[in-house]
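Below: the structure, in structure tokens.
A, B, ... follow the sequence lines: proteins, then strands. Residue 1 opens every chain. We use all heavy atoms of the structure for the numbers below, so side chains are in, but hydrogens, waters and symmetry mates are not.
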Amino acid sequence: MPQIFHDLLFDYTVRTVALGAGVLGLVSGALGSFAVLRRQSLLGDAISHAALPGIVIAFMLTGSKAPVVLVLGAAIAGWLGTLLVMTIVARTRLPEDSALGIVLSVFFGFGLVLLTFVQQQPDAAQAGLDRFLFGQAATLLASDVVVLVALGGIALAAVFVFWKEFKLLSFDREFGVSLGYRMHVVDILLTSFLVLAIVIGLQTVGVVLMSAMVVAPAVAARQWTDSLRTMVIGAALFGASAGVTGSVASAITPDLPAGPSVVLAASALVLLSMTLAPRRGLVWGWIRHRRNRGRIVDGATVADA
Amino acid sequence: MSRTPAIEVNDLTVAYREQPVLWDVDLEVPQGVLMAIVGPNGAGKTTLIKAILGLVKPVAGRVLVHGRPYTEQRRLVAYVPQRGTVDWDFPTSVLDVVTMGTYGRLGWLRRVGRAERDAALDALDKVGMRELAHRQISQLSGGQQQRVFLARALVQDARVYLMDEPFQGVDAKTERAIVDVLQDLRERGNTVVAVHHALQTVPEYFDHVLLLNVRRIAAGPVSEVFTQENLRATYGGRVPYLTDGNGSDRLVANVG
């Protein structure tokens, strides 16, 4: 075990991977809190799947696999997918979950077609694009991490700057409109930063499982607190620790993909939180139930006597 | 009192898809009155309030607040939505929700400070909930939730208060407390318009009333328009409570 801590401090690859995954967990946890509170857990799934064609198209247009280029392509496609969902909900009678389902599968299907096409090309430059499906931490370079940290920093700064507006949107959108806020602008802002939070995780976690990093840390943090600020900070820390644990495990274990291990780490946090958290946790609920029953039985005994 | 009306609605028509919800409604609410909006389910009461606030787009019509379009007069208007429109399990405190009433004058990016929190505490005082300021909102009773929303509107420090069912699901003691707050608002020259369900308390709580069923049936002082005839026109044959029909506000419990 100490070998891991040694690697974490001194091994270049492990350190880079841990830093990258930590940042992605931090950002997706913070932004994911708002998505979960707005009951938009599925939106993260749609955004991450919708990003795939953007990644492949960005590569086809530029021939480059630089993370800035691919992340930009992913962000544009993810953002277009989100706007499409919003438009479908506003203009048609389809409910939101159907709109999300349609956009998710159409974009993802298209992305898979493009990916297959690109992979059949003789040129070897495309090698490795498929790591965006399930993620691969070990491919992160220090230069990639610099980009991730910069983009993640922007998203976190936005949460701080627009704190009041994001809270108003999540709790009572109509009241915000009545106050004179252009809430659709707040909505587009928050969703755009959610897109940013998701795309910076795609290389490490992959499009298939990234939405878990939006939902799981937020759900885990919600169990422990009744304050929005504590929840957002807690979700960011949970996300970061899941990111570091999962990606380091992947980096030091051959053939263990990063996405699934990061998501498993986050799921473990959810499980722990839902079981053990005071007040909301299952164990606590069970103890309270037992105690109340005991009280009623005592009461009955007294009454009988 | 030849002042501009607090609210002036002209030829307002609102439709959801083809179905008209409000049809050609005219309404003048004088300043300084306490007006109830009554009507059966689906009469468009909530829609009227939302249309005045610009939350739903009318097909036709015009709304003026203190003589000018609503968008220029937002600071003059406070809003109490229906209690059921928000998630009461949201991780936030009573004080935090009430403080949202100050967001309008704060505007984008400016942060909540001591002045806003003090204003929110004062408003909580007025609804008798100061000691619950730091309680999580999921631990409130229905009546307490309603008073939180009322306090959030009070902190807006407006001239016109639009309320959607402020008495919905509250106990008798809370109802009394809310009525006191509304009457206090009126005494200080403000205007209150509230969607109201219990016909029997209209004459006791309010001085003006709008009877609405998609169209405006009647509007004016309770003593003049809250009549058996108008109620029958509003509710069809099924009126739970009727006045005795001679213009007085004495009530007879006359079912059917």
Residue selection (most heavy-atom pairs with chain A, distance under 4.5 Å) from B:Gly101, B:Gly107, B:Pro91, B:Ser93: B:Pro91

Proximal component of B:Gln73, with respect to chain A [non-hydrogen, under 4.5 Å]: neither

Which portion of A:Arg229 sits near chain B, non-hydrogen atoms under 4.5 angstrom: neither

Atom CD of B:Glu131: over 12 foreign heavy atoms under 6.0 Å: yes

A:Tyr181 side-chain N/O to B:Tyr103 backbone N/O, donor-acceptor pair under 3.5 Å: yes

B:Arg111, CZ: over 12 other non-hydrogen atoms inside 6.0 angstrom: yes

Check: A:Glu165 side chain, B:Leu109 main-chain N or O, donor-acceptor pair, under 3.5 Å: yes

Proximity breakdown for A:Phe166 and chain B, heavy-atom pairs closer than 4.5 Å: neither

More than 12 heavy atoms of other groups within 6.0 Å of B:Trp23 CH2: no

Which atom of A:Leu179 lies closest to which atom of B:Met100, heavy atoms considered: CD1-O, 3.6 Å

Any residue of residues 145-163 of chain B which, by heavy atoms, sits under 4.5 Å from chain A: B:Phe149, B:Arg152, B:Gln156

Under 4.5 Å from a heavy atom of chain A, the part of B:Arg105 involved: neither

Crowding at CH2, A:Trp224 (>12 non-hydrogen neighbours, <6.0 Å): yes

B:Trp88 atom CH2: more than 12 heavy-atom contacts under 6.0 Å: yes

More than 12 heavy atoms from other groups under 6.0 Å of CZ on B:Arg188: yes

Between A:Arg39, A:Met231, A:Arg93, the one whose heavy-atom pairs under 4.5 Å with chain B are most numerous: A:Arg93

Side-chain touch B:Asp89/A:Arg222, heavy atoms, less than 4.5 angstrom: yes

Minimum-distance pair of heavy atoms, taken over all atoms of A:Phe171 and B:Asp87: CE1-O, 3.7 Å

Nearest-0.5 Å distance, NZ of residue A:Lys167 to CZ of residue B:Phe90: 8.0 Å

Contact check, side chains of B:Tyr79 and A:Asp172, non-hydrogen atoms, under 4.5 Å: no

Crowding at CE, A:Met274 (>12 non-hydrogen neighbours, <6.0 Å): no

Residue A:Arg182 excluded, over 12 heavy atoms near CZ under 6.0 Å: no

Under 4.5 Å from any heavy atom of chain B - which part of A:Arg280: side chain

Engaged part of B:Val97 at the chain A interface, taking heavy atoms whose separation is under 4.5 Å: side chain

Contacting moiety of A:Ser178, where chain B heavy atoms sit under 4.5 Å: both

Structural part of A:Ser170 lying under 4.5 Å from a heavy atom of chain B: both

Spatial distance of atom CG (A:Asp226) from atom CZ (B:Arg135) [nearest 0.5 Å]: 12.0 Å

B:Thr85 side chain near A:Glu174 side chain, heavy-atom distance below 4.5 Å: no

Leading residue by heavy atom contact count with chain A [cutoff under 4.5 Å; candidates B:Val112, B:Leu53, B:Asp96]: B:Asp96

